Amino acid sequence: MMNSTNDTNDTNASLELQRVFEELKSMFVGCEVSQIEPTQFKLIVPSDKMLGMLTYLKGIGYSHLSIITCVDWIDEKKFELVYILFNWSNGVTFLVSTFIDRDRPIFYTVKDMWPTAEYYERDVHEFFGVEFEGNENCKKPLMLELWDDLPPLRKDFDPLQYSKEHFPDRTYEKDPIHEARIIRGDIEGDIEGGEIDG
Amino acid sequence: MDKIEKIDERGVWEKIADQLRSRSMWMLHYCTGCGAVELPPSTTSRFDMERLGMGPMATPRQADLFLITGYLSTKTLRRVIYTYEKMADPKYVIGFGSCTINGGIYYDSYSTINRLDQYLPVDLYIAGCMPRPEAILNAFTKLMDMIRKGEADGWKRYKENYEWYKQNQLRSLGEVVVYDEFHE
Amino acid sequence: MTALKVAGIFLTAFFFGLTFEGIGRKITARVQRRYGPPWYQNFIDLFKTLSKHGYTHGWIFDFGVIMALGGIIASLGFVPVGGIVAFPGMDNFFVIVYLFTIGSLGMAMGMVGTGNPWASIGVARALTLMLGYEVPYMISIGSMLYFYRTSSISAIMSAQGGDWNLVKFPIGALVALISLQGMLGKEPFEAPMAPAEIASGPMVELSAKYMGLLMLMNTFMEFAEISLFVDLFLGGGTYFVFLLKYLVVWILVVLISSVLPRFRIEQAVYFYWTVPIILAFVQVFMTVNGFVF
């Protein structure tokens, strides 16, 4: 979870990182920095300044893109795109994230800076529906073949209902999940057939 | 529960051939899912599988035992189906673990199947998550007994009920043969 | 009479070849501290493959398998086994080596006819390895043939008298042993045929009876090659003495193969063209100048 996002946490960072944060705050207005661990920092940027921030960070040494993922904030109607960058010389990880609109999720591609970003963006496109302008390969399926439903990792997709529709289950005389709840003590009741034995 | 005695319709040559087939089964080196981690201990020196005559074989053309070790996502299931159809008769399928029986811990996933015998004819299931090598060797000896008595006829059931299996496969998968960009 | 002798050689090769392979599997298992399969396991494997319902890939495929088996059977008919010489006067070394190639080329043709790209790659590897092991073998055997001024195997067997050629040409025997390891397709030169290398290389598309026939071809080929080695270097002998010498050579080969890993093809060919060739030339030098023990 995020700590509070103010200058008090910057005192835990080393001097060099403090300078970096000051530069970032002066160049990109609206950027917030918080510390997760001594070597992991989260930077939240408005979406129009994101590409500039990534380019700048790649230039000062955070040149390894570990992954691009997405978080679905369904109540605030936003997608949070997270880019994890790593610096090999001082071992610090930056999680650079931005919020984009959930109903029209469009963003820019970074595959010209990092060629592997093409596959991460295809992954995010397939599972969340975010479109990346400039990455035409997003239309081709990478992991899901012949998929015709909502993008699966969105929070309004119900996997249990999809599984019941498409993949037939084995029917038992008793309902194992109900019995498991009784054994665990979540609900009261008796199990038919006596005690559980080995 | 009463067991219905099946009539043994095999001729003399089939009976001899089944005795030979049970003593030298070659399993296909295709290990789906997380249960494949229990196969190296069964094959190597501690729980030796070769004394039963079994050994790994690399191509589906020569193998006669197919081990489905664990969950099957829809993508893997397509490839498993056409690998199964490439194998030469007679062939046997064993389902390992609870994911092949009723979906296991992935029963509510949008991409793993819940019941293997809707799509492929299974001769034997092994319960567990994952079953230990002792359980696996026990299952192999049970399969060998079933072959000798003539009860392991999954391949005949597949040929006889081909339409039913195909219908189930198409219902869950859409299409069985899909070309992906890495294998053009 | 000739037909009986030929039948005798085949039955020996069939029965003892498969039995010794089973014993080899048992020895490998014991080296790895486990029990292995029973000694008759290879018989069961062979008959099981003949009882499956397989697939064919066209007439080139069928013809290739038959040509492979036929070539090996033909070359096996000429090799003197124990006291049995089926075609006396015609068991020339070069005839046997020539007929071996029919076997390999038949297999190559049949496998390429399946259309599977891995079969073509596997066949290319097998033939590349053949380029490796044939050259030092021919040089060292050639020096021995020069010494005896004959290339008939029966003549060399009887000219050894009490001393084996193993003692007279020790370096040549060493080179022939190293080449034998490659000819048999055992570790460390197992790259063309191993199951873990691109799904068995040439044997990737063989299903039921074709696999059985190819396993039989492999057994006959091993029998012919090791019999040649025993005849040339260990002096042949009567039937059971011959089989005993065969067993000793076979156990040596299996022990070496059970502890070594696999070379890549280019490493194997590079090895064959450096160390054994130099040793073979040393042997030639010694033979030509009369340093024979």
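So you know, we letter chains A, B, ... as the sequences are listed, proteins then strands, and number each from 1. It should be emphasised that the depicted structure is a prediction, and the values quoted were computed from it without experimental measurement.
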Subject >> Distance-minimising heavy-atom pair for A:M143 and B:K75 >> reply: O-CD, 3.4 Å
Subject >> Neighbour count above 12 (heavy atom, 6.0 Å) for A:K77 NZ >> reply: no
**OP:** Pick whichever of B:I101, B:N168, B:D117 has the most heavy-atom pairs under 4.5 Å with chain A.
**Re:** B:I101
**OP:** With side-chain hydrogen bond (donor to acceptor under 3.5 Å, both in side chains) as the test, would you mind laying out the steps for A:Y172 and B:N102 before giving the verdict?
**Re:** CA-CA 10 Å; A:Y172 293 103; B:N102 56 11; 2.8 Å; yes
Original post:
Is there side-chain contact between A:L146 and B:E175, with at least one heavy-atom pair below 4.5 Å?
Top reply: yes
Subject >> Greatest number of heavy atom pairs closer than 4.5 Å to chain A - which of B:I113, B:D108, B:T74 >> reply: B:D108
**OP:** Give, as side chain, backbone, both or neither, the part of A:L142 having an atom under 4.5 angstrom from any heavy atom of chain B.
**Re:** both
**OP:** Answer yes or no: does atom NZ of A:K49 have more than 12 heavy-atom neighbours from other residues, nucleotides or ligands under 6.0 Å?
**Re:** yes
Original post:
What option among A:L160, A:D148, A:D158 has the most heavy-atom pairs under 4.5 Å with chain B?
Top reply: A:L160
**OP:** Against chain B, label A:E165 side chain, backbone, both or neither, depending on which of its atoms sit under 4.5 Å from a heavy atom there.
**Re:** backbone
**OP:** Against chain B, work out which of A:E145, A:H166, A:K164, A:K140 has the most heavy-atom pairs shorter than 4.5 Å and name it.
**Re:** A:E145
Original post:
With a 4.5 Å limit on heavy-atom distance, are the side chains of B:Y119 and A:P168 in contact?
Top reply: yes
Subject >> Greater than 12 external heavy atoms within 6.0 Å of A:H178's NE2 >> reply: no
**OP:** Answer yes or no: are there more than 12 heavy-atom neighbours, outside B:W164 itself, under 6.0 Å from its atom CH2?
**Re:** yes
**OP:** Hey, could you give me the CG/OH distance between A:L150 and B:Y110, rounded to the nearest 0.5 Å?
**Re:** 12.0 Å
**OP:** Work out which heavy atom in B:Y125 is nearest to a heavy atom in A:R170; give both atom names and the distance.
**Re:** OH-NH2, 3.4 Å
**OP:** Could you look at B:Y107 and say if it's the side chain, the backbone, both or neither that has a heavy atom under 4.5 Å from chain A?
**Re:** both
Original post:
So, does B:S172 use its side chain to make a donor-acceptor pair with the main chain of A:F167 at under 3.5 Å?
Top reply: no
Subject >> Residue A:Y56 excluded, over 12 heavy atoms near OH under 6.0 Å >> reply: yes
**OP:** Answer with side chain, backbone, both or neither: which region of B:T112 has an atom nearer than 4.5 Å to a non-hydrogen atom of chain A?
**Re:** backbone
